[in-house]
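This one's a predicted model, so the numbers in the text were calculated from it and none came from an experiment.
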Amino acid sequence: MQVSFACTEHNLKSRSEDRLCGLRTAPPPGGGGGGQGGNGHHGTQSLAKPKEVTSVAMKNVPQGHAHMKEAIGRHSSMKYRNLGKSGLRVSCLGLGTWVTFGSQISDEMAESLMTIAYENGINLFDTAEVYASGRAEITLGSIIKKKGWRRSSFVVTTKIYWGGQAETERGLSRKHIIEGLRGSLSRLQLEYVDIVFANRTDVNSPMEEVVRAMTFVINQGMAMYWGTSRWSAMEIMEAYSVARQFNLIPPVCEQAEYHYFQRDKVEVQLPELYHKIGVGAMTWSPLACGLITGKYNEGVPDCSRAAMKGYQWLKERVNSEEGRRQLAKIKELHLLADRLGCTAAQLAIAWCLRSEGVSSVLLGVSNTEQLVENLGSLRVLSQMTPQMVSEIDSLLGNKPHSKKESRA
C-alpha cells in the first residue's frame with residue numbers, strides 16, 4: 001500500500017486549528033504571575049530547589065488552557081496533557097513497569113512507588129504482557145485492587161505482542177490481540193485497559209487485520225483506545241489510512257524511546273504525524289536506561305540494570321566507543337545541572353517534556369528516592385528557557401531538529 005500524508009488532510013479539516021495551540025506555545029518563564037520560588041528571576045542561575053516535590057500548583061500557566069490544553073492539577077503540581085489529539089487527559093509523567101515490577105523490585109516497593117506516584121498526580125501506569133512474563137501485570141493489578149482507587153481516576157496501558165511460547169501466542173494476529181488482551185485483563189483484574197498498544201509491527205499480520213482487531217477490542221469494551229509502540233511513521237500512517245478506508249478506529253499514540261541520544265523519531269517524524277493525523281507521543285527511557293544519571297561513569301555497578309541477566313546488550317552499549325563518547329558528554333551535562341540547581345536526571349526529563357507533541361514521559365524507577373527526584377523535573381520544566389535548551393544542545397553537539405519542537 002502506498003501511503004501519502006496528503007491523502008489524510010481532508011479528514012482533518014473538521015478539527016479546530018486551535019484545539020492544541022497551547023501545546024505549541026508557552027509563556028515566558030515568570031509570565032502571568034510571580035513564577036516559581038517567589039524570586040522573580042528565571043535565568044540559568046537557580047531553579048528554586050527543583051529537587052523537592054511540592055503540592056502547590058504552579059502559577060505560570062499559559063492563558064487559554066481551559067480546554068484541550070496543558071493544565072495543572074488541582075491538588076498537585078502535576079501537568080496534564082491530551083494524549084495526542086484525543087480527549088484523554090494524561091499526566092505528563094507516567095510510571096512504567098518495565099524491568100522493575102515483578103522482577104527487579106519487591107511488591108512492597110512497587111506499592112510504595114505507585115502510592116507516591118498517584119498522590120503526586122501521576123494518573124498513567126504502563127505495563128505489557130511480556131514484562132516479567134506477565135508478573136508485572138499481576139503486581140500492578142493487585143496494587144490497584146488493594147488501594148481501591150476509583151477506576152475512572154487513572155489510566156492503565158498494556159502492550160500486546162509477546163504473550164507465550166506457542167506460535168499463536170505472539171504477534172498481532174486477530175487471535176492473539178483478542179486472546180492476549182483478555183489474558184492481560186485477567187492478570188490486571190480489570191474490566192478494561194485505557195490503551196492497548198501493538199508492541200512492534202508484525203510482518204506476518206496484514207495491517208487491515210490488526211486495525212480490525214484493535215477496533216473490535218475497543219467496541220467490546222476491553223480497551224478505550226489503541227496505539228503503537230516502536231512503529232515507523234509509514235506504518236502508523238498505513239494503519240491510519242486503513243482505518244479511514246474501512247471506517248475503523250485509528251491509533252492515537254506512539255510509544256517511542258526518547259532521550260538526549262535518541263531524538264530523530266520524536267523530534268522529526270512524530271510531530272508531522274501529530275499535526276496531520278493527531279497521533280501523540282508517549283516516550284520512554286528519558287535517562288537512556290540510567291546512562292544519563294552518571295551511574296555508569298566509572299564502569300558497570302553490580303546492582304545496576306546493565307549487570308542484570310538478559311541485559312548484556314546494555315552493558316555492551318555502555319562499554320562501546322559510542323557509549324564512552326556519550327558518558328563524556330554526560331559529565332558535562334552534570335556540571336550544567338549543578339549550576340542550574342537541579343540533578344542531571346531532572347534536567348533530562350524536563351528536556352524530554354519540553355518537546356512538542358510529547359503527551360507523557362514514562363519513568364522507570366526502582367526506589368522511592370528516584371521517583372521523588374524525578375518528580376522534581378516538573379519544577380525544572382516550569383523554568384526551562386530556550387537558552388537552556390540551546391546550551392544542552394551545544395553540550396551534546398546537536399542542533400535542534402525542529403523549529404517547533406520546544407514548549408519552552
Side-chain angles (χ1 to χ4, degrees), residues 53-57 70-83 86-98 100-129 131-132 134-159 181-197 217-218 221-227 252-253 255 282 284 359-372 374-378:
V53 178
T54 179
S55 61
V56 179
E70 183 178 89
I72 307 298
R74 295 179 180 179
H75 305 294
S76 71
S77 60
M78 183 58 62
K79 294 186 176 185
Y80 297 90
R81 299 171 177 174
N82 286 71
L83 183 66
S86 77
L88 182 62
R89 302 286 282 177
V90 294
S91 52
C92 68
L93 295 176
L95 184 63
T97 61
W98 180 43
T100 52
F101 280 41
S103 178
Q104 186 182 18
I105 63 176
S106 66
D107 289 354
E108 291 75 20
M109 176 58 71
E111 182 178 347
S112 296
L113 291 173
M114 286 191 64
T115 302
I116 292 173
Y118 188 78
E119 289 177 350
N120 281 276
I122 289 179
N123 71 356
L124 173 61
F125 302 98
D126 177 77
T127 189
E129 63 173 350
Y131 292 171
R135 294 189 302 276
E137 289 180 321
I138 293 172
T139 300
L140 180 62
S142 297
I143 294 170
I144 290 173
K145 184 175 182 180
K146 179 179 179 181
K147 302 303 291 187
W149 296 327
R150 296 188 317 281
R151 181 62 184 91
S152 57
S153 69
F154 58 88
V155 172
V156 174
T157 74
T158 195
K159 294 178 283 293
L181 183 53
R182 283 175 178 161
S184 290
L185 293 177
S186 176
R187 289 186 290 274
L188 288 164
Q189 302 180 67
L190 297 175
E191 294 182 359
Y192 66 91
V193 292
D194 297 273
I195 312 165
V196 54
F197 286 98
V217 296
I218 291 174
M222 299 165 68
M224 298 290 189
Y225 304 86
W226 78 278
V252 299
C253 181
Q255 269 201 27
M282 184 183 296
W284 49 276
S359 298
S360 188
V361 172
L362 297 175
L363 306 175
V365 294
S366 57
N367 58 62
T368 56
E369 290 77 15
Q370 289 176 354
L371 178 56
V372 170
N374 290 355
L375 285 167
S377 62
L378 295 174

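A pairwise comparison of heavy atoms in Ser360 and Val90 identifies CB-CG2, 4.2 Å as the closest pair. Across Gly121 and Met78, no two heavy atoms sit closer than the pair O-CG, 3.4 Å. Scanning both residues, Met114 and Leu95, for their nearest heavy atoms gives CG-CD2, 3.9 Å. Ala71 and Arg89 get closest at one heavy-atom pair: CB-NH2, 3.5 Å. Leu181 and Ala223 get closest at one heavy-atom pair: CD2-CB, 4.4 Å. For the residue pair Arg81 and Ser359, the shortest heavy atom distance occurs at CD-O, 3.6 Å.
Summarising the geometry, atom CG belonging to Asn123 is positioned 8.0 Å from atom OG belonging to Ser153; distances are rounded to the nearest 0.5 Å. From Leu190, atom CG reaches atom OG of Ser184 across 10.0 Å, with rounding to the nearest 0.5 Å. Here the CG-SG distance, from Asn82 to Cys253, works out to 12.0 Å after rounding to the nearest 0.5 Å. Atom-to-atom distance recorded for Ile116:CD1 and Leu371:CG is 5.5 Å, nearest 0.5 angstrom.
Contact check for Leu83 versus Met282: side-chain heavy atoms found under the 4.5 Å cut-off. Proximity of Leu93 to Asn374: side-chain heavy atoms (C-beta onward) are nowhere separated by under 4.5 Å. Considering only heavy atoms from C-beta on, Tyr131 stays 4.5 Å or farther from Thr158 through its side chain. Residues Arg135 and Arg187 fail the side-chain proximity criterion, which asks for heavy atoms closer than 4.5 Å. Side-chain contact check for Leu188 versus Ile144: every heavy-atom pair is 4.5 Å or farther apart. At a threshold of 4.5 Å between non-hydrogen side-chain atoms, the residues Tyr192 and Met224 count as touching.
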Walk me through it: do Asp126 and Gln255 pass the test side-chain hydrogen bond (donor to acceptor under 3.5 Å, both in side chains)?
CA-CA 11 Å; Asp126 177 77; Gln255 269 201 27; 2.9 Å; yes
Met222 and Val193: side-chain contact (heavy atoms from CB on, under 4.5 Å), yes or no, with the steps?
CA-CA 6 Å; Met222 299 165 68; Val193 292; over 6 Å; no
Derivation and outcome, side-chain hydrogen bond (donor to acceptor under 3.5 Å, both in side chains), residues Glu137 and Thr127
CA-CA 6 Å; Glu137 289 180 321; Thr127 189; 5.0 Å; no
Step-by-step side-chain hydrogen bond (donor to acceptor under 3.5 Å, both in side chains) determination, Tyr225 to Thr157
CA-CA 9 Å; Tyr225 304 86; Thr157 74; over 6 Å; no
Determine, step by step, whether Ser366 and Gln370 satisfy the side-chain hydrogen bond (donor to acceptor under 3.5 Å, both in side chains) criterion, reporting the C-alpha distance in whole Å, the side-chain angles of both residues, the deciding distance to 0.1 Å, and the verdict.
CA-CA 7 Å; Ser366 57; Gln370 289 176 354; 3.3 Å; yes
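Between Trp149 and Phe125, the ring-plane angle classifies as parallel under the 30° and 60° cut-offs.
Screening Leu363, Leu362, Leu88 for a side-chain contact (heavy atoms from CB on, under 4.5 Å) involving Leu124 leaves a single residue, Leu362. Ser91 pairs in a side-chain contact (heavy atoms from CB on, under 4.5 Å) with only one of the listed residues (Asn120, Ile122, Val155, Leu378), which is Ile122. Of the residues Thr139, Asn367, Val365, Thr100, the one that meets the side-chain contact (heavy atoms from CB on, under 4.5 Å) test with Ile105 is Thr100.
Ion pairing between a basic and an acidic side chain is recognised when a charged N comes within 4.0 Å of a carboxylate O; Lys159 and Glu129 show no such pairing. Between Arg151 and Asp194, at least one side-chain N (NZ, or NE/NH1/NH2) sits under 4.0 Å from a carboxylate O, which counts as a salt bridge.
A donor-acceptor contact shorter than 3.5 Å links the side chain of Ser142 to the backbone of Ile138. Remark: the backbone N or O of Gly73 is not paired with any side-chain donor or acceptor of Ser76 at under 3.5 angstrom.
Annotation: Trp226 is not in aromatic contact with Phe197 [ring centroid separation under 6.0 Å not met].
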